[in-house]
Amino acid sequence: MSEIEENELDKAALPKNYDPKEIEGPLFTSWFEAGGFGRDVAGFADAEKPSYTIVIPPPNITGVLHMGHALNNTLQDILTRKARMQGRPTRWVVGTDHAGIATQNKVEQKLAAEGKTRFDVGREAFLEACWQWRDKYGSTIIEQLKSMGCSCDYNQEKFTMDADYATAIRKVFVDWWGKGLVYKGHRIINWCPRCTTALADDEVEHQDEAGHLWHLRYPLVEPVGDIEYLVVATTRPETMLGDTGVAVSPDDDRYKALVEAGAQVRLPLMDRIIPVFTDDYVDAEFGTGAVKVTPAHDPNDFDMGQRHDLEQINIFTEEAVVNENGGRFAGLTREEAREAVVAALEDLGLLDTPEEHDHAVGHCYRCGTTIEPWLSDQWFVKMSELAAPAIEAVRTGEVVFHPKRWENVYYRWMENIRDWCISRQLWWGHRIPVFYCDTCGWVGASEEDLTVCPECGAALRQDEDVLDTWFSSQLWPFATQGWPSDAGWQAELAAYYPTQVLSTARDIIFLWVARMIMSSMNFLDGQVPFRDVIVHPTVLDKHGNIMSKSRGNGVDPLVLIDKYGADSMRFGLALQVTGAQDLKFDEEKIMTMARNFSTKVWNASRYVLMNLEDFDVAAVSDKETGRVTPEAVTDADRWILSRLARLTRELGEGREGYDFGVIARALYSFFWNEFCDWYIELSKSQLNLGSEERLAAQRNLVFVLDNALRMLHPFMPFITEKIWLSLPHGDDRPSLMVAEWPCGEDFADFIDERAECAVEQLCAVVGAVRATRARYGISPKHPLGVIVKTTGDDAATGSEMLFAQASQIESLARTASFTVSPSAEKPAHSSVTIASALEIYIVLEGLVDFDAERARLTKERDKKAVDLEKLNKKLNNEGFLAKADAAVIEKTREDAGELKISLEQLEQQLADLG
RNA sequence: GCGCGAUUAGCUCAGGGGGAGAGCACUACCUUGACACGGUAGGGGUCAUUGGUUCAAAUCCAAUAUCGCGCACCA
């Protein structure tokens with residue numbers, strides 16, 4: 001980083017116009033070329049301080065930057081940059097996820113364009129094509145992070161299919177195999193017939209869809225009494241082709257006789273004889289109370305099938321086309337089969353009137369295709385044992401969610417966790433390291449590839465399936481830091497683990513966050529992967545709709561960066577981060593606010609730089625650090641330093657610093673409403689007051705701006721760096737990125753209540769004059785005579801405080817004359833403004849219509865009378881006096897006292913006006 | 001069905017037991033040597049409804065309504 005100066009970051013005065021495009025690209029390049037963003041940028045990290053590590057949620061290699069990424073990475077960069085400035089050894093681990101299904105889909109699409117399928121080219125060539133795709137497009141999103149200014153450790157980019165990452169995967173699989181935590185099972189799983197793979201339960205998205213509850217008549221083999229058929233209700237009539245039973249509730253009197261008689265039905269269309277039995281699962285109240293049972297195509301039916309020893313008849317191919325078990329319906333798709341079955345039953349007179357019925361239908365989270373519950377052999381991870389310590393870690397506060405309410409969501413899921421289906425019938429991914437000997441039947445999992453059977457020496461065959469992508473992502477926090485194969489992984493993890501924060505969207509709390517906690521605790525001696533989980537809001541469009549391609553309502557972060565600059569985008573997003581679950585992004589409103597703020601920062605800085613031509617840094621800097629020190633000569637000086645100290649303290653606290661919106665707003669209002677609106681305005685006269693006052697103003701302008709830039713830097717890294725490099729603050733660090741974070745305690749001595757009070761009074765006087773001008777249409781150029789009477793217990797001090805600021809009042813309020821005294825008297829033909837401990841008289845002779853002034857005073861008097869009435873009512877309330885806090889009562893008394901005086905003053909003035 | 005969240009100015013949202021806030025939009029005035037992406041002054045809200053707790057409720061509690069999210073699904 002020492003090369004930064006050689007990179008010639010522009011140290012010349014700032015250009016008149018703020019143009020983010022001019023500054024952002026070159027600054028990022030210079031940061032990067034100077035060494036990037038490793039653990040110890042430019043040697044300023046303090047090894048004694050606690051380390052700070054964040055792992056990025058690895059974007060898919062198919063991904064392009066969207067608003068969710070923009071928000072999430074803004075937050076992570078804010079935290080990373082602040083920690084780095086605090087001198088902590090900081091690293092933001094970056095990388096990408098191979099994204100099994102998503103990537104495979106992309107490559108298949110590409111092949112399809114050439115008229116080929118993956119089976120045409122074969123597994124090996126297909127994987128080669130995937131790697132090529134990854135090399136070509138896989139880092140797109142990482143490049144986009146750079147344009148946002150994200151200070152990730154790009155020099156050590158990780159990928160979930162790296163060779164060392166594969167080692168980690170195998171270790172986990174083999175270890176869990178050894179403990180019996182992974183197993184193969186034959187059961188109903190969620191099958192995507194388009195991706196032709198199994199999915200985990202939480203990879204299925206349910207949507208309510210309007211459908212029908214069909215009523216099908218199943219004739220009894222032998223009538224029981226006068227009952228000749230049973231009516232079953234189903235939403236999926238086509239699955240009747242695979243029915244192997246009919247279930248009724250044991251408590252359902254309608255069917256008791258049937259069951260006792262051991263009735264059987266003849267399954268229509270298939271002509272299969274199947275039993276009628278009772279099962280507690282059946283709800284007699286729903287539908288017809290009789291349920292057709294299809295063990296191969298419904299998880300509940302599967303369970304019933306197990307209990308009653310029913311045959312499992314699979315009627316679908318892996319593409320959800322009816323297979324040979326579907327008789328004459330073979331070859332039809334699910335949808336065609338439904339129509340055909342319904343029509344056939346209707347022809348046979350076996351279809352009763354269907355009911356309208358809404359029900360939830362599962363869809364593939366990758367391609368949206370309707371999920372088929374499908375019976376197959378799959379690999380599973382037994383979860384309850386892994387989940388127990390992970391639940392405990394959150395209960396004990398080892399891991400804390402922000403906002404905290406997400407912990408309940410986590411508990412709910414974890415406490416009802418089901419085994420995790422981890423095998424995928426894909427090619428792109430980590431192949432399951434299980435080997436089979438077809439000769440002697442040996443089966444084993446191995447970290448190394450095996451070719452020969454250890455039992456019989458015959459050739460082995462590896463499992464064809466790959467692992468769920470989330471199986472690899474769950475290892476991200478530790479596999480990216482060398483575990484388990486790098487020579488120094490123990491030292492690395494001892495120093496930098498657990499990581500501090502994981503920031504993510506709420507939709508992957510189960511898919512990813514929970515699994516990281518479980519795997520980390522399982523493999524790293526019970527260590528959690530991170531201390532804090534930030535669940536950031538979901539970015540919606542301005543109407544509150546989710547942004548999506550199909551709606552066409554997405555906002556492209558790159559377009560925002562192009563239009564407003566990365567700094568403004570980051571600040572705008574951060575401003576909107578509160579505890580809410582959603583964030584409605586209204587580009588015009590948010591970006592206007594953020595962009596205007598950036599411009600304000602730029603222009604205020606230009607003002608400061610413009611007034612430093614005779615400023616000698618060396619003469620006013622700390623001997624040791626070389627940094628410019630502040631000096632308080634006027635109340636304005638004391639005031640702004642006091643305000644800065646309070647802000648610094650506020651930012652130091654802020655509940656772990658995750659209240660991004662609160663912090664952004666505090667910075668915004670300090671910079672704009674205090675520094676710009678008042679201190680800079682006050683400095684304009686102070687700079688011309690005398691050499692001592694001038695120098696003090698210069699020192700404080702530089703000092704306050706310097707510190708404000710430091711605190712703004714994590715939010716707006718480019719603009720603050722650009723300005724900071726031009727500002728003569730005396731700090732010899734090469735970049736604001738590694739400048740020290742302002743520590744609230746260092747500024748504690750600046751807090752000065754008296755000065756804050758003095759400037760408040762000044763503001764009251766200036767405000768009164770401005771308001772009076774506006775009210776009567778008096779030009780700002782027309783100087784006015786102003787007389788202030790200080791009132792209250794300490795009127796003499798009040799006068800002194802205002803008198804000391806007379807020149808500034810004259811300047812800001814454009815007064816012809818300004819006097820202040822406890823015994824001042826109201827001149828004739830003047831307006832009066834009552835403020836706390838002040839009466840402000842403004843001479844208006846010949847300027848205004850006093851009828852209007854009378855009306856105004858009357859209105860104000862009436863308002864104050866109402867207010868006083870309220871307070872008096874309170875003070876006459878015995879309950880209030882008995883139970884309210886003493887301080888609250890005292891404050892109410894004081895307020896009432898002041899109001900009473902104001903009221904009397906207003907009455908007097910009305911009388912004076914006649 | 002169960003759980004969670006939201007409901008405050010025209011819009012987007014902060015705040016949070018003791019006199020309603022910001023930005024945008026709106027109105028008036030101001031091109032004063034940082035900034036018109038600006039300055040100054042203003043207008044605008046019974047803080048969803050109903051009950052309760054409290055001396056005091058926009059704020060806490062409970063119901064209701066509307067919107068949103070999640071989980072689980074009865075075929």
Side-chain angles (χ1 to χ4, degrees), chain A residues 14 16-18 202 206 208 213-214 232-236 239 246-247 281-294 298-301 304 357 359-360 403 405-406 408-409 412-413 416 506-507 509-510 538 540 542 544-546 564 568 575-576 578-586 588-611 661-662 665 668-669 673 676-677 680-681 684 766-767 769-775 777-781 814 867 870-871 874 877-885 887-889 891-892 895 899:
Chain A
L14 300 175
K16 184 168 191 313
N17 292 315
Y18 163 55
D202 47 9
H206 293 274
D208 274 344
L213 196 57
W214 304 90
V232 298
T234 179
T235 54
R236 298 198 58 195
T239 61
V246 173
Y281 166 78
V282 180
D283 174 2
E285 305 296 314
F286 187 85
T288 60
V291 181
K292 59 188 268 320
V293 182
T294 322
D298 181 283
N300 296 312
D301 292 7
M304 280 195 276
H357 181 65
H359 62 132
R405 71 183 125 88
W406 291 108
N408 291 327
V409 177
R412 242 176 109 86
W413 190 75
N416 298 295
R506 63 171 180 267
D507 52 0
I509 291 176
F510 309 141
T538 303
L540 307 177
K542 65 174 170 179
N545 298 309
I546 200 145
Y564 308 98
S568 295
L575 269 172
Q576 290 215 291
T578 62
Q581 66 178 4
D582 296 322
L583 182 168
K584 271 185 243 177
F585 187 80
D586 186 332
E588 191 201 329
K589 298 205 159 82
I590 295 308
M591 292 314 298
T592 299
M593 184 176 182
R595 182 248 263 131
N596 292 357
F597 182 59
S598 299
T599 309
K600 192 73 179 177
V601 170
W602 184 264
N603 284 312
S605 302
R606 282 181 56 238
Y607 168 83
V608 173
L609 289 169
M610 233 170 243
N611 284 288
V662 172
R665 257 181 292 280
Y668 179 101
S669 82
N673 304 120
C676 292
D677 288 352
I680 283 184
E681 291 307 318
K684 287 175 184 173
V766 172
V769 177
R770 285 172 176 168
T772 303
R773 279 185 203 281
R775 194 176 308 122
I778 301 166
S779 162
K781 287 177 183 159
R814 279 255 189 165
D867 289 348
K870 275 191 208 158
L871 291 187
K874 215 178 210 183
N877 180 336
E878 280 178 33
F880 176 72
L881 295 176
K883 297 190 179 174
D885 269 8
V888 172
I889 297 172
K891 168 103 174 27
T892 310
D895 291 351
L899 265 179

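A, B, ... follow the sequence lines: proteins, then strands. Residue 1 opens every chain. These numbers come from the heavy atoms of this one structure, side chains and all, not from hydrogens, waters or symmetry mates. It should be emphasised that the depicted structure is a prediction, and the values quoted were computed from it without experimental measurement.
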Using a 4.0 Å heavy-atom cut-off across all strands, classify [X] as base, sugar-phosphate, or nothing.
X	value
A:Asn877	sugar-phosphate
A:Ile778	nothing
A:Lys891	nothing
A:Arg606	sugar-phosphate
A:Tyr668	sugar-phosphate
A:Arg595	base
A:Lys600	base
A:Ala580	sugar-phosphate
A:Ile680	base
A:Leu871	base
A:Val282	base
A:Ala882	nothing
A:Asp895	base
A:Glu681	base

Begin with the C-alpha distance, continue with both residues' side-chain angles, and end with the deciding distance and a verdict on side-chain contact (heavy atoms from CB on, under 4.5 Å) for A:Leu609 and A:Arg606.
-> CA-CA 5 Å; A:Leu609 289 169; A:Arg606 282 181 56 238; 5.6 Å; no
Atom-to-atom span, [atom1] of [X] to [atom2] of [N] - whole angstrom:
X	N	atom1	atom2	result
A:Gln576	B:C11	CD	P	16 Å
A:Asn596	B:C35	CG	P	15 Å
A:Arg412	B:C73	CZ	P	12 Å
A:Leu609	B:C35	CG	C1'	14 Å
A:Phe597	B:G39	CZ	P	12 Å
A:Lys684	B:G39	NZ	C1'	9 Å
A:Asn408	B:C2	CG	P	17 Å
A:Ile590	B:C13	CD1	C1'	8 Å

Please tell me which of the listed nucleotides, [options], lies nearest to the side chain of [X]?
X	options	answer
A:Phe286	B:A75, B:G42, B:C35	B:A75
A:Lys781	B:U31, B:G19, B:A41	B:U31
A:Thr235	B:A75, B:A34, B:U40	B:A75
A:Ala884	B:A22, B:G18, B:G5	B:G18
A:Asp677	B:U40, B:C24, B:A75	B:U40
A:Ala771	B:G19, B:A41, B:C2	B:A41
A:Leu899	B:A75, B:G19, B:A14	B:G19
A:Gln581	B:A75, B:C69, B:C37	B:C69
A:Lys16	B:C73, B:C35, B:A41	B:C35
A:Glu588	B:A14, B:C24, B:C71	B:C24

side-chain hydrogen bond (donor to acceptor under 3.5 Å, both in side chains) against A:Ser568, all qualifying residues, sequence neighbours excluded |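 So A:Ser568 forms a side-chain hydrogen bond (donor to acceptor under 3.5 Å, both in side chains) with A:Ser598.
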With rounding to the closest Å, how many angstrom separate the [atom1] atoms on [N] and [M]?
N	M	atom1	answer
B:A72	B:A63	C1'	25 Å
B:U46	B:C30	C1'	37 Å
B:C60	B:A14	P	15 Å
B:A22	B:A62	C1'	32 Å
B:U32	B:U12	C1'	34 Å
B:G39	B:A34	P	13 Å
B:G44	B:C26	C1'	9 Å
B:G21	B:A28	C1'	23 Å

Looking only at non-hydrogen atoms, find the nearest pair between A:Arg506 and A:Gln581 and report the distance.
->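 Between these two residues, the closest heavy atoms are NH1-O, 2.7 Å.
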Minimum heavy-atom distance between A:Asp895 and A:Leu871, given as atom pair plus value | CB-CD1, 3.7 Å
Would you confirm whether A:Asp885, through its side chain, and A:Ala887, through its main-chain N or O, come within 3.5 Å as a donor-acceptor pair?
-> no
Are any side-chain N or O atoms of A:Asp298 and backbone N or O atoms of A:Thr294, one a donor and one an acceptor, separated by less than 3.5 Å?
-> no
Once Watson-Crick and G-U wobble pairs under 3.5 Å are found, how is RNA chain B written in dot-bracket notation, 5' to 3', with | for any base paired to another strand?
-> (((((((..((((....[..)))).(((((.......))))).....(((((..]....))))))))))))....
Between the base of B:A56 and the side chain of A:Lys870, is there a donor-acceptor distance below 3.5 Å?
->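 Not at all, since no donor on one side and acceptor on the other fall under 3.5 Å apart.
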Record whether the side chain of A:Asp208 comes under 3.5 Å of the base of B:C73 through a donor-acceptor pair of N or O atoms.
->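 Side chain to base: pair found, below 3.5 Å.
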Assess whether side-chain contact (heavy atoms from CB on, under 4.5 Å) is satisfied between A:Leu575 and A:Arg665, documenting all intermediate values.
-> CA-CA 6 Å; A:Leu575 269 172; A:Arg665 257 181 292 280; 4.0 Å; yes
Residue pair A:Met591 / A:Phe585, side-chain heavy-atom distance below 4.5 Å =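 A side-chain contact under 4.5 Å exists here.
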Given B:A75, is OP1 or OP2 found less than 4.0 Å from the side-chain N or O atoms of A:His357?
->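 For A:His357, the contact criterion (side-chain N or O under 4.0 Å from OP1 or OP2 of B:A75) is met.
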Under 30°, 30 to 60°, or over 60°: which ring-plane class applies to A:His357 and A:Phe286, parallel, tilted or perpendicular?
->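 Because their plane-to-plane angle is over 60°, the rings of A:His357 and A:Phe286 count as perpendicular.
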With distance as the sole criterion, is a donor-acceptor pair present between the side chains of A:Asn408 and A:Arg405 under 3.5 Å?
-> no
Would you mind telling me which residue lines up with the more 5' stretch of RNA chain B, A:Asp885 or A:Tyr607, judged by nearest nucleotide?
-> A:Asp885
Start at the 5' end of RNA chain B and walk down; is the nucleotide closest to A:Arg814 or to A:Gly879 reached first?
->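 Nearer the 5' end of the strand: A:Arg814.
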Begin with the C-alpha distance, continue with both residues' side-chain angles, and end with the deciding distance and a verdict on side-chain contact (heavy atoms from CB on, under 4.5 Å) for A:Tyr607 and A:Lys684.
-> CA-CA 10 Å; A:Tyr607 168 83; A:Lys684 287 175 184 173; 3.4 Å; yes
With a cut-off of 6.0 Å (strictly less than), are more than 12 heavy atoms of other residues, nucleotides or ligands near CD1 of A:Ile546?
->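 Counting other residues, nucleotides and ligands, CD1 of A:Ile546 stays at 12 neighbours or fewer.
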